[in-house]
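Order of the sequence lines fixes the chain letters, A, B, ..., with proteins taken first and strands second; residue numbering starts at 1 for each chain.
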Amino acid sequence: MPELPEVTVILDDIRSLAAGKEVFRAEVFREDVSNAGVKEFPRRLVGRTLQGVERRGKILMLDFGDVVGVVHLVISGRVERLSEWREPDKEHTAVIEFESGPESGPVVLAFKKLWLGYFDLYEPGHIEEHPLISRLGPDPFSREFSPEYLRSVFERKAAIKGLLLDQSVVAGLGNIYVDEVLFAAKVHPTRKANTLDSEEIKAVYSASRDILGRAIEMRGTTFDSYHDAFGESGKFQYQLKVFARDGESCYVCGTEIQKLRVAGRGTHVCPTCQPS
DNA sequence: TCCACCCTGGAC
DNA sequence: GTCCAGGGTGGA
């Protein structure tokens with residue numbers, strides 16, 4: 001479940017492995033993996049050089065000069081370095097081989113399990129045509145993201161959890177980190193956003209930056225599917241206070257962590273620390 | 001504002 | 001064999 005921290009780590013890996021390298025071979029497994037389709041995908045990438053990488057919310061942006069790869073890993077997607085080229089298949093949904101360096105062998109990156117995800121190609125000037133990117137809210141680490149901003153978007157009676165998951169409100173939070181942020185801010189996920197006082201809004205703001213920042217430092221949260229491009233696990237799962245801890249006791253007060261459904265998502269909460 | 005749907009593997 | 005999780009979309 002790659003959210004902002006995991007995507008950040010993956011991008012760092014891709015940058016260090018492949019930035020400045022030319023694409024030697026590129027293929028997708030199936031027509032629906034990319035908006036370019038099976039035939040056009042290689043035609044538009046081979047021979048181009050990866051100029052740089054960037055993150056927009058949970059989306060990976062790979063800058064190939066005349067072409068931009070827009071990759072969304074959604075839930076199960078991951079990126080892994082392979083030791084050699086292999087044809088894409090159901091598991092290795094998209095595979096890109098970069099040229100060999102003078103001292104290193106070829107760099108082969110597999111974009112795995114893009115089952116609900118995709119590896120779209122856009123022309124640089126047309127990225128905003130992407131339906132999600134055009135609607136993304138501010139990045140949690142941007143200046144735009146502030147307590148004042150949150151106050152303005154919280155003037156709705158929707159559940160706070162649903163709003164924080166909404167990428168047009170904040171770009172990059174997903175189910176794990178929203179639960180953790182709300183616990184840290186001592187706000188119950190079902191609270192109507194417009195009932196938060198300014199202290200609580202500030203707490204949500206600070207917790208978002210703090211938790212995401214620490215998760216990046218620990219190279220993300222690893223459950224079943226996420227590993228970085230070097231196959232390493234993140235360490236933030238050891239810092240989780242509520243997520244996946246239902247039935248266990250709260251580290252702060254000892255109350256049993258509950259699991260409920262909010263905004264259609266499994267949601268973890270300490271009923272004492274986060275009164276509803 | 002809510003919810004079924006998309007895809008797949010894994011849990012029962 | 002059935003059911004569910006997960007992010008995002010599109011229709012009710």
Side-chain angles (χ1 to χ4, degrees), chain A residues 1-8 10 28-35 38 55-61 70-80 88-94 110-120 122 127-140 153-182 189-195 208 212 215 220-227 234 236-237 240 242-247 257-269:
Chain A
M1 314 162 212
E3 304 179 28
L4 187 154
E6 292 77 30
V7 172
T8 303
I10 289 167
V28 290
F29 168 56
R30 227 168 38 189
E31 203 60 25
D32 61 356
V33 173
S34 175
N35 64 347
V38 170
R55 181 182 59 72
R56 300 263 192 108
K58 307 174 197 172
I59 298 179
L60 292 78
M61 309 283 287
V70 176
V71 184
H72 201 325
L73 302 170
V74 192
I75 297 159
S76 50
R78 51 185 285 191
V79 181
E80 193 179 293
D89 55 28
K90 195 159 96 174
E91 187 178 349
H92 305 77
T93 12
F111 294 77
K112 300 177 73 175
K113 303 183 182 180
L114 301 180
W115 290 326
L116 291 176
Y118 45 83
F119 194 139
D120 284 349
Y122 281 84
I127 294 164
E128 297 300 325
E129 290 168 13
H130 186 284
L132 176 55
I133 289 178
S134 60
R135 296 178 19 242
L136 281 183
D139 192 274
V153 289
F154 286 175
E155 283 176 356
R156 292 194 254 167
K157 56 182 181 182
I160 180 81
K161 168 142 185 178
L163 280 190
L164 291 176
L165 284 174
D166 183 342
Q167 301 299 294
S168 69
V169 171
V170 192
L173 286 175
N175 204 35
I176 296 177
Y177 293 106
V178 168
D179 281 5
E180 293 298 312
V181 165
L182 289 175
T190 59
R191 285 273 302 280
K192 310 282 186 209
N194 61 4
T195 66
S208 303
L212 292 172
T221 300
T222 297
F223 281 114
D224 38 346
S225 75
Y226 168 73
H227 294 268
F236 196 73
Q237 61 274 23
L240 297 174
V242 284
F243 190 85
R245 294 198 65 244
D246 42 306
I257 303 296
Q258 291 179 350
K259 181 166 184 180
L260 43 146
R261 274 187 96 73
V262 183
R265 293 276 174 268
T267 299
H268 310 78
V269 59

Handout entry: Set of side chain to side chain contact (heavy atoms under 4.5 Å, CB included) partners for A/Glu129, sequence neighbours left out
Key = A/Tyr122, A/His126

Completion exercise
Rounded to whole Å, CZ of A/Arg261 lies from C1' of B/dC3 at a distance of 11 Å

Handout entry: Between B/dT8 (P) and A/Leu114 (CG): distance, integer Å
Key = 11 Å

Handout entry: Length of the line joining A/Lys161:NZ and B/dT1:C1', which is rounded to integer Å
Key = 17 Å

Completion exercise
Under a 4.0 Å heavy-atom criterion, DNA chain C is touched by chain A from C/dA5 to C/dT9

Handout entry: A/Leu165 CG - B/dC2 C1' separation (whole Å)
Key = 14 Å

Exercise for the section: Measure from CZ on A/Arg30 to P on B/dC7 and round the result to the nearest Å. Expected result: 7 Å

Handout entry: Nearest-angstrom distance from the residue atom CZ of A/Phe29 to P of B/dC7
Key = 13 Å

Practice task
For A/Leu116, report the nucleic acid contact type (base, sugar-phosphate, nothing); a contact means any heavy atom under 4.0 Å.
Solution key: base

Handout entry: A/Asp32 CG to B/dC7 C1', straight-line distance once rounded to whole Å
Key = 9 Å

Practice task
Send over the distance from A/Lys112 NZ to B/dG9 P, rounded to a whole Å.
Solution key: 12 Å

Exercise for the section: Indicate whether OP1 or OP2 belonging to B/dG9 is found under 4.0 Å from a side-chain N or O atom of A/Lys90. Expected result: yes

Exercise for the section: Please tell me if the side chains of A/Val28 and A/Pro88 come closer than 4.5 Å, counting only heavy atoms from C-beta onward. Expected result: no

Handout entry: Side-chain ion pair, A/Arg55 and A/Asp139, N-O less than 4.0 Å
Key = yes

Practice task
Have a look at A/Ala158 and say if it touches a base, only the backbone sugar-phosphate, or nothing, with a 4.0 Å heavy-atom cut-off.
Solution key: sugar-phosphate

Practice task
Scan A/Gly264 against the nucleic acid and name what it touches under 4.0 Å (heavy atoms): base, sugar-phosphate only, or nothing.
Solution key: nothing

Practice task
Return the minimal non-hydrogen interatomic distance between A/His268 and A/Val242, and the atom names on each side.
Solution key: CB-O, 3.3 Å

Practice task
Specify whether A/Tyr118 and A/His72 have parallel, tilted or perpendicular ring planes, treating 30° as the upper limit for parallel and 60° as the lower limit for perpendicular.
Solution key: perpendicular

Exercise for the section: Quick one: sort the A/Tyr177 and A/Phe236 rings into parallel, tilted or perpendicular, breaks at 30° and 60°. Expected result: tilted

Fill in the blank from the handout: Closest non-hydrogen contact found for A/Ala171 with A/Pro140 is O-CD, 3.1 Å

